[in-house]
Amino acid sequence: MLQVPIREQSGQSSTKAVILVGGPSRGTRFRPLSLDVPKPLFEVAGHPIIHHCLKAIAKVPDVREVILVGYYDESVFRDFLKDSSKEFPQFRMQYLREYTALGTAGGLYHFRDAILKGKPERLLVLNADVCCSFPLTEMLTLFEEKDAEAVILGTRVSNDAASNFGCIVSDSHTKRVLHYVEKPESHISNLINCGVYLFATECIFPAIRSAIKRRTTRPRLLSYPSSDNLESSFVAAAGDDDDTEKSEVLRLEQDILSDLADSNRFFVHETKDFWRQIKSAGSAVPANALYLQKAFQAQSEELTPPSATILGPNVSIGPRAVIGAGARVKDSIVLEDVEIRHDACVMHSIIGWNGRVGAWARVEGTPIPIGSHSTSIVKQGVKVQSITILGKECGVGDEVRVQNCVCLPYKELKRDVANEVIM
Ligand code: GTP
């Protein structure tokens, strides 16, 4: 267990926050970038993805403790927690490591004693892989107004996209959640689960506990994360009626939320602001753009004015990156120590750490339509990533053109290449 001590203990907290960070077997769609950095720590708009979550939580007045729950090694978040404790001295922060993937509800339940310490009344739960404006205060207001057991953040997507998400049927007048179905087979609603929740602590843990109990009597009605170890948990749980750790593998989305909808005290706050999931590596580019646009609207001092080189819009440049004269960089993330030589063009792309883009080279993806939640497109009959990604220390030769490619670390691209995964 890794703990950063609180600097100032000011009264008892009535809301605690948990960020579900997952672990190394998750985030596979974030490859090749997750080969070099755990997805929650990948920098989007100049900050690790989970820093954006902390910044939002910091605006909720009564949160004094934030717990990261995941199954990465303890060392992974050590520096991040140290830095964050300086920036957010109002929080006590700790990382609690699951011994294996326990699922989004299983992790919470496993650490229920730590979470319930200090008797918080409410629990904020944030999926780490979400990019949005996190209207947590509005969720709290709804929670109080309705004397809720749970509030979920929802957003509208196109009818076509809806079935890729958890779908919420609600009463538009009362905001009460009537039904919740994870990735339904047929259309039920285009209001979807954003992966941000506020729970009454006195309700969420009993709800998980009931789901665990039910699983022991009706094992086949519940679903589990797909990794191998979970299959063995399933077998163990089916014949085991006690509350062992093995029987705790549960997902909020599949196993808990639909039951909460049976209560009359589950509500949805619908955000009209931006929301994206950060699943594929390419999805970091629209997330980067959305956070930068938000920072621009807020007139953030972190944004730098344009220079002689043509940068932007929606560009993040890492430390020590060097951009040559006449280079054009647009809608892209350029990571630490990258060199982009003169007159090169980088658009809709991510250039991994220590990468080199030669003079007059072009590295480009295809713009993702505004409002789209997909980062793949079909080109010449083949599904490819719309964002071009160069893994760590890739080199692109002078005048070489790279289009809609995903390139694993340490590759040298010496000829034009399009619509390929370069291994
Ligand atoms: P898919 O969406 O099915 O590909 O899986 P995913 O892991 O990308 O996302 P999921 O929607 O299942 O998870 C939502 C959030 O919970 C993400 O931030 C994950 O990192 C995190 N998460 C997923 N499984 C676990 C788990 O077993 N333990 C913990 N602590 N977090 C998890």
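Atoms within a ligand are numbered from 1 in the order they appear, just like the ligands themselves. All values below come from the heavy atoms of this structure, side chains included, with hydrogens, waters and symmetry mates left out.
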Undergrad: N/O of A101 under 3.5 Å from N/O of ligand 1, yes or no?
TA: no
Undergrad: Between F134 and H52, is the ring centroid distance below 6.0 Å?
TA: no
Undergrad: Is there any N or O on L20 that sits under 3.5 Å from an N or O of ligand 1?
TA: yes
Undergrad: If you define the side chain from C-beta out and look only at heavy atoms, does anything of R97 sit under 4.5 Å from D73?
TA: yes
Undergrad: Does K39, backbone or side chain, put an N or O under 3.5 Å from an N or O of ligand 1?
TA: no
Undergrad: Atoms of ligand 1 less than 4.0 Å from T104 heavy atoms?
TA: 16 (O), 22 (N), 23 (C)
Undergrad: Within the structure, does Y71 bring an N/O atom to less than 3.5 angstrom of an N/O atom in ligand 1?
TA: no
Undergrad: Do the rings of F77 and F80 sit parallel, tilted or perpendicular, given the 30° and 60° boundaries?
TA: perpendicular
Undergrad: At the 4.0 Å heavy-atom cut-off, does G22 count as touching ligand 1?
TA: yes
Undergrad: Decide if the gap between the ring center of Y291 and the ring center of H47 is smaller than 6.0 angstrom.
TA: no
Undergrad: For R251, is at least one N or O under 3.5 Å away from an N or O on ligand 1?
TA: yes
Undergrad: For E98 and F111, run side-chain contact (heavy atoms from CB on, under 4.5 Å): C-alpha distance rounded to whole Å, both residues' side-chain angles, the deciding distance at 0.1 Å, then the answer.
TA: CA-CA 8 Å; E98 294 158 36; F111 291 115; 3.9 Å; yes
Undergrad: Find the distance between CD1 (I192) and CG (N164) and round it off to the nearest 0.5 Å.
TA: 9.0 Å
Undergrad: Side chains of H51 and E43, heavy atoms from C-beta outward: is any pair under 4.5 Å?
TA: no
Undergrad: Is the shortest N/O to N/O distance between R29 and ligand 1 below 3.5 Å?
TA: yes
Undergrad: V21 heavy atoms, cut-off 4.0 Å: which ligand 1 atoms fall inside?
TA: 20 (O)
Undergrad: Below 4.0 angstrom from a heavy atom of G70, which ligand 1 atoms are there? Numbered from 1 as shown, please.
TA: 30 (N)
Undergrad: Please identify which of these residues, L335, V363, L390, meets the side chain to side chain contact (heavy atoms under 4.5 Å, CB included) condition with I350.
TA: L335
Undergrad: At a non-hydrogen distance cut-off of under 4.0 Å, which region of V130 contacts ligand 1 (side chain, backbone, both, or neither)?
TA: neither
Undergrad: Check ligand 1 against A128 and write out every atom of the ligand that is under 4.0 Å from a heavy-atom position of the residue.
TA: 18 (O)
Undergrad: Is V334 close to V357 at the side-chain level, that is, under 4.5 Å between some pair of heavy atoms?
TA: no
Undergrad: Pull out every atom of ligand 1 sitting under 4.0 Å from any heavy atom of L102, numbered as shown with elements.
TA: 27 (O)
Undergrad: Considering only heavy atoms of G103, which atoms of ligand 1 have at least one such atom less than 4.0 Å away?
TA: 26 (C), 27 (O), 28 (N)
